[in-house]
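The next block holds one structure in the form of structure tokens; read it before the comments.
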There are 2 protein chains.
Amino acid sequence: MSTEHEKLVDELLLKSRELSTETVMFHTAIGILRDLSAVESKVLDYVARLGPLTPKELAEYAGLAPASITALIDRLERKQMVTRSPHPDDRRKVLVGVEEETIERAVSLWDHIVAATRELANDYSESELRTVIGFLERAAAVTHESTLRLTSRSLE
Amino acid sequence: MSTEHEKLVDELLLKSRELSTETVMFHTAIGILRDLSAVESKVLDYVARLGPLTPKELAEYAGLAPASITALIDRLERKQMVTRSPHPDDRRKVLVGVEEETIERAVSLWDHIVAATRELANDYSESELRTVIGFLERAAAVTHESTLRLTSRSLE
DNA sequence: TCGAATATTTCGATGTATCGAATAATTCCG
DNA sequence: CGGAATTATTCGATACATCGAAATATTCGA
């Protein structure tokens, strides 16, 4: 037997997985449109979120060899998505920063999904929104935890 | 000025994006752990969901040339994740199916996230679950639509 | 029946991401 | 000051995914 609550939980899992699949396809489409590999997207994301970083830092974040990062930055620079500038304190170092236009172009790719989600959200009361927000936050935490478990397992 | 409802919508967008990012990282980790490229994962997913398919069908779904699919199936077969079998009705064709063990191993990678989500869901009333389920469903639809827009744009 | 069409594979070529090792420039420190 | 350490790049090598064209086997249709 199965209670109504259990049925709803099963349904929740199903819908979660479906959204998960759609999310991956969305990000894949964005990558293709920007002509970026998964690694390049990741590096660009780090720089966009953390500000200018050195090649060494990027190599550590992305798990690549120094030579690989140099080549990767070369590619992004050729596409005019990042720029190299000398580090003000240490002349051995280089700072890699994203071009403002790169960010703008990326944001515009999200325009539709943001607008559609906004519209969707208008159908929900404040109380309902709080419920959904709470769930999304916890789901993100659970997903993060699960990713950590997977990546640590691969180091055994 | 900004109403309470508007603030909540902004928060919803923020949490959605965070979950989105975590989801991509989770899938990336799974791909690395299974030693599969993004394309290989996609092909494996098609076969797992739609049942045995021919190389031609897979080539169309994945957007690859026939020769590329042959090589891709070779790789998956070498890893014992799929098997080729003759098509019963047309001896020119080949059917590519996933190994049962491949599915089992994949499911086990989801064990933790499923269990944690189940536990999380227990804190929610039936009414709240329905609210969240409804949102996830619509978010998936919105994401799907957005992906379609992106991919069609690239064909202009 | 027999030529055209279809499905798949093989082969060779190409582009590209990644890496280790060597190099150059700079900083750190004893 | 001067050698060791650090940072980034260059270079050459390697691995690999992808592709077009040719080859093979089979089916379809006039």
Side-chain angles (χ1 to χ4, degrees), chain A residues 28-29 31-47 50-98 154, chain B residues 28-29 31-47 50-98 151 154-155:
Chain A
T28 303
I32 292 172
L33 222 54
R34 301 178 79 194
D35 191 25
L36 293 176
S37 73
V39 185
E40 287 165 349
S41 297
K42 188 199 281 190
V43 166
L44 217 42
D45 187 54
Y46 282 131
V47 179
L50 306 178
L53 297 171
T54 66
K56 181 173 180 47
E57 289 169 323
L58 289 176
E60 284 163 0
Y61 286 138
L64 290 180
S68 309
I69 278 290
T70 296
L72 192 155
I73 298 171
D74 286 345
R75 298 196 297 270
L76 293 182
E77 209 173 27
R78 229 173 293 129
K79 296 174 192 165
Q80 303 183 352
M81 302 181 102
V82 303
T83 48
R84 279 185 246 239
S85 51
H87 193 288
D89 303 337
D90 189 334
R91 285 193 292 174
R92 289 171 303 181
K93 296 183 182 176
V94 162
L95 281 180
V96 180
V98 284
S154 65
Chain B
T28 303
I32 292 172
L33 222 54
R34 300 179 80 194
D35 191 25
L36 293 175
S37 74
V39 184
E40 286 165 352
S41 297
K42 188 198 282 191
V43 166
L44 218 41
D45 187 52
Y46 282 131
V47 179
L50 306 177
L53 297 171
T54 66
K56 182 172 178 47
E57 290 169 324
L58 290 175
E60 284 162 1
Y61 286 137
L64 290 179
S68 309
I69 278 291
T70 297
L72 192 155
I73 298 172
D74 285 346
R75 298 197 296 272
L76 293 181
E77 209 173 26
R78 226 174 295 128
K79 293 174 192 165
Q80 303 183 352
M81 302 181 102
V82 303
T83 49
R84 277 187 246 239
S85 51
H87 194 288
D89 303 337
D90 189 335
R91 286 192 292 173
R92 288 171 304 181
K93 297 182 179 175
V94 163
L95 281 180
V96 181
V98 284
T151 50
S154 67
L155 303 175

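Atom set for the values below is all heavy atoms of this structure, side chains included, hydrogens, waters and symmetry mates excluded. Protein chains get the first letters and strands the later ones, always in sequence-line order, with residue 1 at the start of each.
Shortest non-hydrogen contact noted between B:Leu36 and B:Lys79 is CD2-NZ, 4.2 Å. Residues A:Pro88 and A:Leu95 approach most closely at CD-CD1, 4.0 Å, considering heavy atoms. The shortest heavy-atom contact between A:Tyr61 and A:Leu53 is CE1-CD1, 3.8 Å.
Rounded to an integer number of Å, the gap from B:Lys42 NZ to D:dT18 C1' is 14 Å. Atom C1' of nucleotide D:dA17 and atom CD1 of B:Ile73 are separated by 15 Å, given to the nearest angstrom. B:His87 places its NE2 atom 16 Å from the P atom of C:dT6, with the value rounded to the nearest Å. Rounded to whole Å, atom P of C:dG15 lies 16 Å from atom CG of A:Asp35. Rounded to an integer number of Å, the gap from B:Leu58 CG to D:dA17 C1' is 17 Å. Rounded to whole Å, atom P of D:dA17 lies 11 Å from atom CG of B:Leu36. Rounded to whole angstrom, the span from the CD atom of A:Glu77 across to the P atom of D:dA8 amounts to 14 Å. Summarising the geometry, the separation between CG on B:Asp74 and C1' on C:dT10 is reported as 10 Å, rounded to the nearest angstrom.
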Please evaluate residues A:Leu44 and A:Glu40 with respect to the criterion side chain to side chain contact (heavy atoms under 4.5 Å, CB included), reporting the C-alpha separation (whole Å), side-chain torsions for both, the decisive distance (0.1 Å), and the verdict.
CA-CA 6 Å; A:Leu44 217 42; A:Glu40 287 165 349; over 6 Å; no
Go through A:Leu72 and A:Val39 one step at a time and tell me if the side chain to side chain contact (heavy atoms under 4.5 Å, CB included) criterion holds.
CA-CA 9 Å; A:Leu72 192 155; A:Val39 185; 3.7 Å; yes
Base-contact (B) and sugar-phosphate-only (S) positions in nucleotides 17-30 of chain C, heavy-atom cut-off under 4.0 Å, - elsewhere
SBBB----BBS---
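Using a 4.0 Å cut-off, no side-chain N or O of B:Arg84 falls inside it from OP1 or OP2 of C:dT8.
B:Glu77 places a side-chain N or O within 3.5 Å of a backbone atom of B:Arg84 that can act as its donor or acceptor partner.
D:dA13: Watson-Crick or G-U partner is C:dT18, with both key distances under 3.5 Å.
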